[in-house]
Amino acid sequence: MPEGRNASLSHLLDSNFPPKEVEIPFVESRIRDLLDRISELRKFEDELERHRSILSPVRKIPREVLGYIFAFLQPDEYDEKVRNARGRMELVNLSLVCKLWREAAFATHELWTGLQIKPRHSPKSFKSVEAWLSRSGSLARRLQYHGWYLESDDPGTFDNLQMCRCGVQDAWPRQEPRPCLLAMSVMPHLLTNGPPLDHLTLMCNDTECFQHFMEAMDSLRAENVATRPRPWDTLKSLSIKFRDASLQTGGHLGQTFISRFERIPRVQSLEVHLPSQSTFEYEFDPSHLELNILPNLIENLTTFTICCPWAGPHLLNLLPHCRNVETLTINFGNSGSALWGLEYHPLVRQYSVSPLVLPKLVTLRIRMGYNVDLLRILKAPRLVNLDISMFPREATKEEHLVLPVTTFLEQSGCGPNLRSFRLHACCIDAEHLFFLLSSLPFLTNLTLDDVETSMHSLWKMFKNLDTNRGADLSFSNLEKLEVLQVPPDYQLNAVVDYLKARGPSLKFQFVASYKIQAPDVTMEKDIRQRLQFGNSGVQASVVPSVRHMYYL
């Protein structure tokens, strides 16, 4: 439509007058012309965006940087860097975005180092698992078998949380025996003929599953004698965790523990989690059960984690062989004590007179303890890190924590070497805690995690102590103080006042967290402002709350 005609419609464009019949075709024609021009411009707009994308900064990111970003998506399954089904799908989806992302994902070997295997992964999965792990390059590979339960979408599952039937007796209604899910999975094939592995975690439903697993590997080795060592034989780190335990009747010993622990390879790091004592029949005494972990295996370890909730001298029989262990974690489970009922045991009497020496121990972790009496009979002259997690919500008496720890440190003579101390899940009197902490003057790192005590009284006592000492501070080497999982009704004012009172010469980091965020708690900006005005030089931060796994 000519511009002159468009101008003749100005009286319609600038008003609400209805068009005449003769003007309607002109208006419709003009609309079609404008739509055609808009459509043409949109083509240029799409082309413009395509040209702009050429100059996008994303294109300039090296694939190594992209891979580093992807690595942040590395999941943790029970604190292990292995990918479950969802994690594997996320990684595959990333690699399908574009060619650059695919190259970045495949070039970042650490993305492919860990896999979680479930009972549904049959031997048919062998090639796919092998192909996945081959992308890890020369990095250490990790496998985790999660057989504690089956999910509702797993093949062969009749009910949600259906477990392996190994070890199940007197089931009602009666069911036909079924083969062990671990033995029928791809795991025996991977540990016999698969790629080399650095770490393996077996989360078995029952101790009998581990026995069937070893038998399945023996059968595979008999069928195919390979020249190279099995991945099972070359493991460096092994973790075995059980939900239940099976017993069998054998000879004059009566019931014995079903295991094949004597077949464990000579690893450097070993973790064994035994099930609760409630697994056994009521009033059954597991003290006579032998774990059958060979002494020469323990002597080869540098890292050892044992969760033994059974009553009896099991730990006392294992610890003498920990001569080369540098990191030791002892989990009492629901027993809460290693020496319960063993006051008159010959080993306890022996080590009470002459403590058991752990000559190379650097890090000691205690978990789920009603008390830490075990420390009274131990001696660790080279200890640097002490980490104690008490049984949650149990009031801790002085003789259950403070006295055993101070006795242990004194007879070990490791006080000047001790640099890190962590206390977790403990309800303790402020005066008792003050007495304990004041005996650790050389610490560089102090962590109070989910500790219920009078923070006001505790830090006021330290403030008064420093005031009386003058320039001689309580923790003169302290570099990091963590007060974590603070209840919302607690305040950190006393801690902040203590840090201010220490003077401006000391610089270290203060980290705090609350169990839940509440409007009336001391926030990070308030802490920083008060410390800044005090010229303390302390770097303060309030971090999100973290839920702990007590057995770690």
Side-chain angles (χ1 to χ4, degrees), residues 77-80 82 116-119 143-150 161-169 171 178-185 187-188 191 199-217 232 235 237-248 250 255-265 267 269-281 284-294 297-298 301 303-312 314-315 317-318 329-336 338 367-368 549-552:
E77 282 287 328
Y78 293 90
D79 269 10
E80 295 189 19
V82 294
Q116 182 190 75
I117 303 297
K118 301 293 281 293
L143 274 184
Q144 179 199 79
Y145 173 79
H146 193 319
W148 281 356
Y149 60 83
L150 300 178
L161 305 183
Q162 178 79 22
M163 297 182 297
C164 182
R165 302 295 297 175
C166 286
V168 177
Q169 299 178 358
R178 294 203 296 267
C180 174
L181 296 179
L182 172 57
M184 296 298 292
S185 72
M187 291 300 297
L191 271 297
H199 173 79
L200 171 66
T201 293
L202 292 176
M203 300 173 64
C204 305
N205 181 59
D206 192 275
T207 53
E208 195 171 337
C209 295
F210 185 65
Q211 175 175 316
H212 294 318
F213 169 72
M214 297 302 303
E215 293 171 353
M217 284 200 299
W232 171 258
L235 286 172
S237 177
L238 175 63
S239 175
I240 309 176
K241 304 177 182 180
F242 301 104
R243 284 174 57 96
D244 295 299
S246 292
L247 301 176
Q248 63 184 4
Q255 288 182 307
T256 59
F257 177 48
I258 296 179
S259 74
R260 287 292 181 268
F261 286 172
E262 71 278 1
R263 301 281 302 278
I264 293 177
V267 294
S269 175
L270 177 63
E271 180 177 6
V272 177
H273 282 251
L274 300 175
S276 168
Q277 188 167 333
S278 61
T279 300
F280 306 116
E281 296 179 359
F284 176 80
D285 180 14
S287 60
H288 70 280
L289 298 180
E290 295 290 339
L291 298 186
N292 295 326
I293 303 178
L294 299 181
L297 168 62
I298 302 177
L301 298 176
T303 301
F304 184 33
T305 298
I306 176 71
C307 175
C308 184
W310 300 352
H314 306 288
L315 286 174
N317 292 329
L318 296 176
T329 302
I330 301 175
N331 191 328
F332 300 140
N334 59 0
S335 70
R367 296 289 181 264
M368 299 286 283
M549 303 293 286
Y550 286 103
Y551 58 79
L552 300 176

Closest non-hydrogen atom pair between [X] and [Y], with its separation:
X: P309; Y: S276; result: CG-CA, 3.9 Å
X: C308; Y: L274; result: SG-CD1, 4.0 Å
X: G147; Y: P119; result: CA-CG, 4.2 Å
X: W148; Y: F242; result: NE1-C, 4.3 Å

- Stepwise side-chain contact (heavy atoms from CB on, under 4.5 Å) check, L143 with V82: CA-CA 7 Å; L143 274 184; V82 294; over 6 Å; no
- side chain to side chain contact (heavy atoms under 4.5 Å, CB included) partners of S185, counting only residues at least two apart: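 Result, side chain to side chain contact (heavy atoms under 4.5 Å, CB included) vs S185: Y145, L182, M187, P188.
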- Query: In chain order, what residues pass the side chain to side chain contact (heavy atoms under 4.5 Å, CB included) check against S269, with sequence neighbours excluded?
  - Reply: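 Result, side chain to side chain contact (heavy atoms under 4.5 Å, CB included) vs S269: S237, T303.
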Distance (rounded to the nearest 0.5 Å) between [X] [atom1] and [Y] [atom2]:
X: T305; Y: I330; atom1: OG1; atom2: CD1; value: 9.5 Å
X: H199; Y: Q144; atom1: NE2; atom2: CD; value: 8.0 Å
X: W310; Y: L291; atom1: CH2; atom2: CG; value: 6.0 Å
X: C204; Y: H212; atom1: SG; atom2: NE2; value: 11.0 Å
X: S239; Y: L270; atom1: OG; atom2: CG; value: 8.0 Å
X: R367; Y: C307; atom1: CZ; atom2: SG; value: 11.5 Å

- Message: Pair E271, K241 - check side-chain contact (heavy atoms from CB on, under 4.5 Å), show working.
- Response: CA-CA 8 Å; E271 180 177 6; K241 304 177 182 180; 3.7 Å; yes
- Classify the angle between the aromatic ring planes of W232 and F210 as parallel (below 30°), tilted (30 to 60°) or perpendicular (above 60°).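 Answer is tilted, since the angle falls between 30° and 60°.
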- Can you list the steps and then say if F332 with L315 is a side-chain contact (heavy atoms from CB on, under 4.5 Å)? CA-CA 10 Å; F332 300 140; L315 286 174; 4.2 Å; yes
- Item | Residues I240, I264; criterion side-chain contact (heavy atoms from CB on, under 4.5 Å); working and verdict | CA-CA 10 Å; I240 309 176; I264 293 177; 4.0 Å; yes
